[in-house]
Amino acid sequence: MNATARVLPFPGPGGTAAVLTGLGAWVPPRVLSNAEIASRLDTSDEWIRARTGIHQRHIVDPGMSTSDLAVEAGQRALKSADTDRVDALVLATTTPDRPCPATAPDVAYRMGLERCAAYDVNAVCTGFLYGLASGAGLIAAGVAEQVLVIGADTFSTILDPDCRNTAAIFGDGAGAVVLRAGSAHEPGALGPFDLGSDGRDADLIMVPSGGSRQRSTVTPAPAGSEYFTMAGKAVFRKAIFQMAGSAQAVLRKAGIGLHDVDRFVIHQANVRIINGVADMLGVPVGRFVRNIDRFGNTAAASVPLALTSATESGELRAGQRVLLGAFGGGLTWGSTVLRWPDIEAM
Ligand code: UT7
């Protein structure tokens with residue numbers, strides 16, 4: 001059975017929906033231009049712009065880690081929601097501060113959210129969508145009334161400095177939303193969700209060592225195996241196919257059509273992937289939010305960062321129907337829809 005074929009009831013049996021009430025994002029100040037990458041690798045500003053749509057990205061300086069970005073974005077989202085209390089913090093990341101323990105409890109502690117439930121979710125670039133579904137699930141199950149969902153990644157810390165295939169694409173950043181228990185009819189109510197995975201292609205996007213398969217206590221890890229690797233061409237086609245399929249699946253569940261969606265906010269992996277999804281769906285690309293030129297691919301931060309950019313610019317306005325979608329390592333993909341609430345992004 002296809003991983004995305006099962007229709008889950010939404011909202012939960014109790015009828016409680018998760019409503020988005022706050023949004024914030026943060027990127028580290030250091031800007032890395034294409035020209036700077038081209039000065040040390042066999043690439044060019046023209047190639048990167050033409051093949052990816054990326055003009056620059058932000059990266060952390062040594063000493064700054066994923067939790068630092070997550071705290072900044074989380075604080076902004078709480079301010080946007082005008083609250084200082086949550087029952088749970090879900091951190092979507094593939095670049096935790098350490099392999100163990102999870103980074104979320106440290107983020108919660110540093111934000112003054114002591115004693116709240118806090119855990120990490122790893123679905124690579126789909127992490128924020130999985131995090132949203134996880135937060136919405138906590139609310140639907142009555143486990144939490146208010147949840148902070150953060151997507152934060154520092155891929156610059158795991159890239160091979162000599163690999164032009166990945167160095168040009170990824171940037172660092174964080175974005176966050178606050179969810180609270182409410183009704184499915186309110187603006188900001190999330191759902192339904194479509195989530196899926198295909199572990200047959202786990203090797204297409206990976207960090208080979210550092211886990212239990214490559215045991216550092218038995219065999220020293222091969223040189224370079226701690227770096228992130230991606231089979232770009234294979235991933236490119238699958239990203240378009242799965243994000244378009246997931247968008248159609250979630251709209252079927254919601255009982256609405258593509259023409260009912262005012263804005264598509266999907267993972268900013270490559271501007272040609274966004275164009276490809278628009279083409280495959282037959283939707284004008286002007287309805288797709290894009291900020292990849294300024295930030296590159298920020299993995300789990302990509303969707304909330306794009307939401308923040310689009311809210312600040314006025315491209316995303318209260319009352320519009322928005323489809324969120326992502327695709328990433330695992331392989332994983334996911335989508336949800338909501339009516340955009342009247343909020344100020346921070
Ligand atoms: O976030 C998770 C999902 N991630 C993605 O969805 C990323 C998906 N993949 C991509 O965005 C694209 O595949 C890339 C941007 C990674 C590569 O672009 P492409 O147009 O698919 O290039 P390609 O892989 O087909 O490579 C074409 C050529 C190759 O050279 P040869 O073998 O034809 O001589 C590459 O080595 O382009 C070369 N190339 C580069 N050249 C200059 C790859 N990266 C670069 C570079 N600068 N940075």
Side-chain angles (χ1 to χ4, degrees), residues 3-4 6-24 70 73-74 77-78 80-81 83 85-93 104 108 113 116-123 125-152 175-197 246-247 249-256 261 265-267 300-304 306-307 321-328 332-341 343:
T4 60
R6 204 154 59 94
V7 177
L8 304 172
F10 196 91
T16 309
V19 179
L20 195 155
T21 58
L23 170 68
L78 290 185
S80 163
T83 187
R85 183 196 61 80
V86 295
D87 307 302
L89 187 160
V90 181
L91 174 65
T93 188
L113 303 170
C116 81
Y119 56 93
D120 292 2
V121 166
N122 178 349
C125 298
T126 318
F128 184 72
L129 263 295
Y130 270 65
L132 274 185
S134 178
L138 292 175
I139 287 172
V143 174
E145 279 187 7
Q146 196 148 257
V147 181
L148 177 62
V149 180
I150 307 177
V177 297
V178 175
L179 306 178
R180 71 152 164 78
S183 130
H185 306 295
E186 286 182 70
L190 294 178
F193 281 88
D194 173 71
L195 300 178
S197 76
S246 184
V250 84
L251 291 177
R252 267 197 307 277
K253 285 185 190 178
I256 55 176
V261 179
V265 184
I266 66 170
H267 177 42
S302 174
V303 168
L307 286 173
R321 182 116 53 184
V322 187
L323 185 145
L324 311 182
F327 169 87
T332 53
W333 55 87
S335 303
T336 191
V337 284
L338 73 158
R339 183 79 67 182
W340 196 246
I343 56 170

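Hydrogens, waters and symmetry mates are skipped; everything else that's a heavy atom, side chains included, is used. Since this is a predicted model, take the numbers as computed values, not measurements.
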Provide the closest heavy-atom pair for [X] versus [Y] in the form atom of the first, atom of the second, distance.
{"X": "His267", "Y": "Ala326", "value": "CB-CA, 3.8 Å"}
{"X": "Cys125", "Y": "Phe327", "value": "CB-O, 3.2 Å"}
{"X": "Ala189", "Y": "Ala17", "value": "CB-CB, 4.3 Å"}
{"X": "Leu89", "Y": "Ala104", "value": "CD2-CB, 3.9 Å"}
{"X": "Gly175", "Y": "Ala301", "value": "N-CB, 4.1 Å"}
{"X": "Gly328", "Y": "Thr126", "value": "N-OG1, 3.0 Å"}

Can you tell if the side chain of Leu129 reaches within under 4.5 Å of the side chain of Trp333, non-hydrogen atoms only?
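When only atoms from C-beta onward are counted, Trp333 and Leu129 do not touch, as no gap falls below 4.5 Å.
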
Suppose the criterion is salt bridge (Lys or Arg N to Asp or Glu O under 4.0 Å): which pairs have a residue in residues 175-193, not counting sequence neighbours?
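Counting only pairs at least two positions apart or across chains, the salt bridge (Lys or Arg N to Asp or Glu O under 4.0 Å) contacts touching residues 175-193 are Arg180-Glu186.
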
Hits for side-chain contact (heavy atoms from CB on, under 4.5 Å) against Ala306, two or more places apart or cross-chain, chain-then-number order -> Val265, Gln268, Val289, Asn291

Between side-chain atoms of residues 132-152 and protein atoms elsewhere (two or more places apart, or another chain), which donor-acceptor pairs fall under 3.5 Å?
unit_1: Ser134; atom_1: OG; unit_2: Tyr119; atom_2: OH; d: 2.6
unit_1: Gln146; atom_1: NE2; unit_2: Thr83; atom_2: OG1; d: 3.0
unit_1: Gln146; atom_1: NE2; unit_2: Arg85; atom_2: O; d: 2.7

Name every donor-acceptor pair, under 3.5 Å, that has one atom in a side chain of residues 334-341 and the other anywhere in the protein, sequence neighbours excluded.
unit_1: Ser335; atom_1: OG; unit_2: Ser246; atom_2: OG; d: 2.7
unit_1: Thr336; atom_1: OG1; unit_2: Gly191; atom_2: N; d: 3.3
unit_1: Thr336; atom_1: OG1; unit_2: Pro192; atom_2: O; d: 2.8
unit_1: Arg339; atom_1: NH1; unit_2: Gly319; atom_2: O; d: 3.1

How long is the span from the CG atom in Asp87 to the CG atom in Leu179, to the nearest 0.5 Å?
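So the CG of Asp87 and the CG of Leu179 are separated by 11.5 Å.
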
Distance from Ile266 atom CD1 to Leu324 atom CG, nearest 0.5 Å?
10.5 Å

Would a distance-only check, ignoring hydrogens and angles, find a side-chain to backbone donor-acceptor pair under 3.5 Å from Ser80 to Leu23?
yes

